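Heavy atoms only: backbone and side chains are in, while hydrogens, waters and symmetry mates are out. The first residue of the sequence shown is numbered 1, and numbering continues consecutively from there. Because the structure is a prediction, the values reported are computed rather than measured. Remember, it's 1-based here, ligands and their atoms both numbered in the order they're listed.
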Amino acid sequence: MAEQLIISISGMRGIIGENLTAAIAAEYGCAFGTFLRKRFGDSKRLSVCIGRDSRPSGSMLTSAVTAGLCATGVDVVDLGIAMTPTVGVMLRELGCAGGVVITASHNPIPYNGIKLLLDNGIAPPKSDAELIRQTYFDRAFSPVGSVDCGKVRWEDRSNDVHIEKTLRIAATEAISEKRYKVVLDSVNGAGGPAGKQLLAALGCEVIAVNDEPTGLFAHTPEPTEANLQGLCEVVKNEKADMGLAQDPDADRLAIVDENGRYIGEEFTLALAAKYVFSKQTGGKAAANLSTSRMIDDIAALAGASVIRTAVGEANVAGAMVENDCVIGGEGNGGIIDLRVGPVRDSLVGMALVLSLMAETGKTVGQLADEVGGYVMLKDKFRADSEQAGRILEAARQAFSEAQLDTTDGCRFDFPDGWIHLRTSNTEPVMRSIIEAKGPEAAETYASRVTEVRESIVG
Ligand code: MG
């Protein structure tokens, strides 16, 4: 498993016991603290709030990053085990200069990571991320003397604060009247306690599975169809109204319908948007370029438009803030509602989808069938950067009839579907995402992409 420690825009990710150590985490904390003090100046005392998912290595990394921050004169508010979106909510609630999330999201237990957020709740933009990275590599830290060292305090209201904000955007009365029976699978990540608390506050009968935040994941943690067969079974056996699955840091939400059918993470954003746009005409939504066209159809019905961004949460959140978007997110089940916070949030997903069900009186399966009809095909293949460039060039010629967006690789839009080709930031692979009305059209686009690819890499 000898892999490199990855230091990217959104932070650092590695394997505990191999390349992500306490010493590295402490120095990364020093780098972030130094960056924040430069950014805000020394005139006021700064604080950073820090939360961790439930991985067993989380305490160790939290302590190490906390030490680094305190060494540079920054106070720390420790939220303990907290969902990624909760850190985004609390840092703004507490007026912190930044936030740190200790999580490796859906990666297996041996992994962990350090994700940084600025005072607006969004990951640092590229230029700031580069500054932090360089400060870390140069060890250009600004330690303070004894009396100025940061202090740590613990905060245990964070789930309550987050849930209260979420309840304000939900049709709480309508949902409560329905007494929905909901199976929640939190994969023993950070989301179990808050997920149960929110659903109970919405009057749901909650059947919680894998709800202990032990970090010992009960199944492969990414909330995909293959990993959620157990949840589908429980929904069927319990004759529940729906199944909900969170990833370990609870920023993503996948849905299982009343028949135990995994309807897929793409539908979480589509249904959330459908509810938001049932309340207003016009306005804007934001989604990354790899996200289903369902959100465009839904927005169009409300006279609204969709801004497409490069892949990556910070890109979507940034576009939402800039354009005052009423809803946004990514096709991986990450829903953002700025009324709660600029971070992908499984609680927001639950609240909005249940609101849509309650107000329409329809089941989640019926709602999914209404907005669906698309087929999405995802693929990835090896291509180094030179090959990737040639593939994109060949694709531009092959798909010259399409509308082209080059914000992030190439996205080709056709009347009945689209193709998105982009390179990975972390490995020499190219991803192809294709969506079209019906399986035949999707297969046709897939074979055209294969033709382009084979003309370059064989
Ligand atoms: Mg996640």
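With 3.5 Å as the limit, one finds a donor-acceptor pair spanning the side chains of S105 and D247. Of the N and O atoms on the side chains of E330 and T291, not one donor lies less than 3.5 Å from an acceptor on the other residue.
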List the atom pairs, with distances to 0.1 Å, where a side-chain N or O of residues 62-70 and a protein N or O form a donor-acceptor pair under 3.5 Å, not counting sequence neighbours.
from: T62; atom 1: OG1; to: G58; atom 2: O; distance (Å): 2.8
from: S63; atom 1: OG; to: S59; atom 2: O; distance (Å): 2.9
from: T66; atom 1: OG1; to: T62; atom 2: O; distance (Å): 2.6

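Between R252 and E222 there is a salt bridge, since at least one side-chain N of the basic residue sits less than 4.0 Å from a carboxylate O of the acidic one. Contact check on R293 versus D413 returns a salt bridge, with a Lys/Arg side-chain nitrogen under 4.0 Å from an Asp/Glu carboxylate oxygen. Here D296 pairs with R308 in a salt bridge; the nearest charged N to carboxylate O distance falls below 4.0 Å.
Only protein N, O or S atoms were considered, and those under 2.8 Å from the Mg ion (ligand 1) are S105 OG, D247 OD2, D249 OD1, D251 OD1.
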